[in-house]
Novice: 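Below you will find the structure I want to go over with you.
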Amino acid sequence: MNIASVIVDVPAKQTDRAFDYKIPSHLKGVIFPGMRVVVPFGPRKIQGFVTGLKEESDFQQVKSILEPMDLNPVLNQELLNLGDWLTEKTLCYKISAFQAMLPAALKAKYEKKLVIAVNADRKLLPEKVCTLFHNAEEITWDDAVKDGALPLLQKEASKGNIDIIYQVKERVKKKKVKQVFAAAPPEKIVDYLQNLPGNATKQKEVLEYFLKEEGPVDQKELFSLLGITSSTLKGLLQKRLLGQKDVEIYRNPFGDREFERTEPLALTVGQRNAIIPILDSIEDNRHETFLLYGVTGSGKTEVYLQSIQRVLEDDKEAIVLVPEISLTPQMVKRFKGRFGDQVAVMHSGLSAGEKYDEWRKIQRKEVKVVVGARSAIFAPFENLGIIIIDEEHETSYKQEENPRYHARDVAIKRAENHKCPVVLGSATPSLESFARAQKGVYHLLTLENRMNNQALPAVDIIDMREELRDGNRSMFSRKLLEKIKDRLGKKEQIVLFLNKRGHSSFVMCRDCGYVINCPHCDISLTYHRYNQQMKCHYCGYEASVPNACPECESEHIRYFGTGTQKVEEELAKILPEAKVIRMDVDTTSRKGAHEKLLDQFQEGHADILLGTQMIAKGLDFPNITLVGVLSADTMLHLPDFRSSEKTFQLLTQVSGRAGRHELEGEVIIQTYTPEHYSIELAGEQDYDKFYDREMMVRKIHRYPPFFYISLVTVSHEELMKSVSVTEKITQYIQSKLSAESIVLGPVASPIPRINNRYRYQCLIKYKREPELGQTLKKILDNYQQEIASGGLTVSIDLNPYILM
DNA sequence: AGCACGCCGACT
DNA sequence: GTCGGCGTGCTC
């Protein structure tokens with residue numbers, strides 16, 4: 001094979017295809033599909049992925065691969081094909097698909113440098129150039145730009161006195177430690193020891209150590225063990241009595257933490273009935289998608305664990321997706337506890353290097369199970385036996401940037417490739433999945449009862465309008481307050497949940513109601529307490545709070561909205577004796593903080609756990625007997641057809657935190673719209689009724705799961721331009737679709753302006769449009785020049801979860 | 001995406 | 001006449 005087809009690291013329409021490169025003779029038999037290589041591309045050097053090998057190229061002047069970046073392919077054939085599939089399904093570039101499948105550490109970094117050419121006569125160079133380089137061999141391009149010396153240097157470059165060097169660099173290095181070992185035979189060491197002067201006690205100690213322990217030892221450990229420094233070692237290394245070497249190691253995000261080993265638990269009848277079809281599918285090597293629908297606390301995790309156990313017995317591998325895993329350290333504990341160091345963990349809390357190391361453990365087949373967030377679905381296993389997606393309904397499984405994939409779709413595709421089952425688990429399945437289960441596309445498995453047959457907690461819905469009418473203006477209803485006091489007295493624990501979305505604290509004038517918006521985006525600024533600044537979450541604009549209202553010049557400016565901090569303050573005021581742990585982005589941003597806070601709560605160092613979304617899942621503490629939802633309806637009024645579904649899911653999840661063990665649980669939901677079915681039915685914890693009700697709404701409004709939707713968003717600096725382009729696109733799509741499909745638009749996006757760019761969109765609802773992908777691709781082609789140069793953006797989402 | 005090449009306005 | 005603006009087109 002002489003020629004390699006390479007996808008180059010240039011995310012653009014025109015380069016979204018394979019380029020041919022010669023394999024130089026010294027690299028024959030070394031280059032394989034799936035490897036990263038450095039290739040010349042125009043005047044630069046860039047990274048590329050080899051996708052195939054062939055004998056000949058149709059192209060006349062094929063350049064050569066410069067060097068491989070990997071010893072072994074980073075993408076196997078299945079993942080290479082999956083990349084093509086992703087490209088088609090999400091209309092993304094091939095290179096973006098490949099990069100999405102790999103840890104960020106494998107993405108190339110580029111460096112541009114300037115050096116004085118070897119054959120240049122230094123004496124003839126302009127003085128300015130000499131001073132720039134003074135003694136340095138090279139200077140970076142960025143430094144040259146900063147010095148404003150670029151024109152001069154370019155002139156010299158064209159004369160051939162200066163060379164421009166393009167370099168491809170690895171982003172993250174493999175971590176290494178220095179080890180020391182005995183390099184000479186013991187006799188020689190003994191010999192040397194005898195001739196050692198009496199005052200060389202340290203050297204003596206070191207050598208005696210190596211006479212006892214021959215194996216290599218970490219240099220660091222040696223130093224601390226014997227109380228020596230590198231100077232002692234230096235002499236011995238020089239005399240070749242000892243040797244030193246670098247050994248590659250893994251970063252260990254879990255430190256030396258031991259996970260308590262657990263054994264499989266006896267299954268309940270319900271669990272046994274649910275697991276049998278899954279085990280059958282594993283044994284038959286048959287692809288099938290299961291929807292494991294079980295109320296909170298019904299023991300879904302044990303079903304996952306024992307299914308995985310079965311897969312491991314066959315010497316196959318398992319992928320477990322959980323929503324943002326750093327949020328559920330308890331989950332990690334359960335998997336590591338059962339499968340020990342056969343488990344790799346991949347989540348957003350890890351550093352790039354740590355993620356890379358976990359990924360390498362998978363690639364080298366040192367682990368058999370990966371537990372991780374969305375991107376873990378691309379784990380490079382070659383012998384998959386099962387894929388599990390816990391909390392299947394979670395929207396974080398959808399990636400909201402290119403490639404806009406849904407992990408559930410990728411999971412099913414990969415499971416087809418490997419002929420293995422997918423298990424989607426949830427207490428509140430997405431309507432899409434439940435509808436598919438009803439139609440028999442997925443195999444529905446139901447866990448009706450909680451583990452010890454405890455009752456679901458009693459739920460009370462409090463109408464906050466009534467509280468207001470009765471003169472209670474605090475954020476706690478009388479009932480909730482009374483219950484909190486009761487639990488404090490009994491030394492039982494409380495979880496208070498704040499639905500933060502729509503609740504970010506904005507800044508408002510109390511006199512005229514003016515809300516301070518971002519000057520570049522049509523969205524209110526969020527108040528950040530820690531630096532007393534207002535910040536735009538879309539473009540990053542920051543400003544300090546004005547002293548007077550820009551509208552009416554009133555000085556009555558207030559930070560509005562109920563952030564967790566405000567709740568914490570109010571709690572401190574009315575219940576000063578209560579110890580509160582607050583969990584939100586501010587208190588959990590530090591690494592490991594999340595887990596620490598939860599541990600503190602579990603150990604009983606606090607009475608109340610106050611938090612946002614992140615405490616809705618996975619908490620399983622025996623002493624929690626009261627859950628309070630401070631405002632249930634903040635999500636309900638978002639411009640999103642899934643808002644009812646999300647509200648129902650969230651309330652059900654939070655309620656499930658209470659009374660999971662012996663003590664009975666109680667839930668209080670505060671709301672301004674108690675009559676809304678999603679709140680009412682969450683109170684009754686009746687998923688089936690909610691499903692029926694919501695399906696009706698979806699049917700009437702022609703939303704999923706009855707219709708598919710796709711969204712085209714256009715943005716441009718000029719309002720009229722984005723309107724007219726969206727208009728044209730809408731018309732074009734309309735002309736290509738069947739009568740059954742609906743095209744809505746052009747309409748302004750729910751956030752009509754971000755970063756001074758006006759955003760318009762067009763929504764397509766359809767049941768069957770096999771050509772739609774092609775049609776949308778044509779649109780991208782058509783506007784390609786304007787996208788490349790004119791500052792127009794056209795983004796296409798073939799299954800949007802956020803319609804903004 | 002970069003980068004070179006190329007064609008028009010304001011400067012030595 | 002030249003420097004430099006950014007429009008156009010190519011990269012195996």
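The figures here come from the full heavy-atom set of this structure, side chains too, leaving out hydrogens, waters and symmetry mates. Naming: A, B, ... by sequence-line order, numbering from 1 per chain.
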Novice: Below 4.0 Å from chain A heavy atoms, what is the first contacting nucleotide of DNA chain B and what is the last?
Specialist: B:dA1 to B:dC3
Novice: Only counting residues at least two apart or in another chain, list the ones meeting side-chain contact (heavy atoms from CB on, under 4.5 Å) with A:Asp84.
Specialist: A:Lys94
Novice: Select base, sugar-phosphate, or nothing to describe what A:Tyr93 touches, counting heavy atoms under 4.0 Å on all strands.
Specialist: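 Nothing: the residue A:Tyr93, judged by heavy atoms under 4.0 Å, touches no strand.
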Novice: Keeping to residues at least two apart or across chains, list the side-chain hydrogen bond (donor to acceptor under 3.5 Å, both in side chains) pairs with something in residues 5-17 of chain A.
Specialist: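 Counting only pairs at least two positions apart or across chains, the side-chain hydrogen bond (donor to acceptor under 3.5 Å, both in side chains) contacts touching residues 5-17 of chain A are A:Asp9-A:Gln99, A:Asp9-A:Tyr110, A:Lys13-A:Asp781.
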Novice: Quick one: is the NZ or CZ of A:Arg768 closer than 6.0 Å to the six-membered ring centre of A:Tyr766, and within 45° of its axis?
Specialist: no
Novice: Would A:Glu111 and A:Lys45 pass as an ion pair if we require N to O under 4.0 Å?
Specialist: no
Novice: Could you list the residues that satisfy side-chain contact (heavy atoms from CB on, under 4.5 Å) with A:Tyr801, not counting sequence neighbours?
Specialist: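 A:Tyr801 satisfies side-chain contact (heavy atoms from CB on, under 4.5 Å) with A:Thr395, A:Lys398, A:Glu400, A:His406, A:Arg408, A:Glu432, A:Arg642, A:Asn799 only.
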Novice: Salt bridge between A:Glu354 and A:Arg251, side-chain N to carboxylate O under 4.0 Å?
Specialist: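 Between A:Arg251 and A:Glu354 there is no salt bridge, as every charged N stays at least 4.0 Å from the carboxylate O atoms.
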Novice: Would you please name every residue forming a side chain to side chain donor-acceptor pair (under 3.5 Å) with A:Lys365, sequence neighbours left out?
Specialist: A:Glu382
Novice: Could you go through nucleotides 3-12 of chain C and list every protein N or O atom that sits under 3.5 Å from one of its N or O atoms, giving the distance for each pair?
Specialist:
| unit_1 | atom_1 | unit_2 | atom_2 | d |
| --- | --- | --- | --- | --- |
| C:dT11 | O3' | A:Gly42 | N | 3.0 |
| C:dC12 | OP1 | A:Tyr21 | OH | 3.3 |
| C:dC12 | OP1 | A:Pro40 | O | 3.1 |
| C:dC12 | OP2 | A:Lys63 | NZ | 2.4 |
| C:dC12 | O3' | A:Asp20 | O | 2.9 |
| C:dC12 | O3' | A:Lys63 | N | 2.4 |
| C:dC12 | O2 | A:Asp20 | N | 2.7 |
| C:dC12 | N4 | A:Arg17 | NH1 | 3.3 |
| C:dC12 | N4 | A:Arg17 | NH2 | 3.3 |

Novice: Will you find, in the side chains of A:Glu78 and A:His418, an N or O donor that is under 3.5 Å from an N or O acceptor?
Specialist: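 Note: A:Glu78 and A:His418 side chains meet the donor-acceptor criterion.
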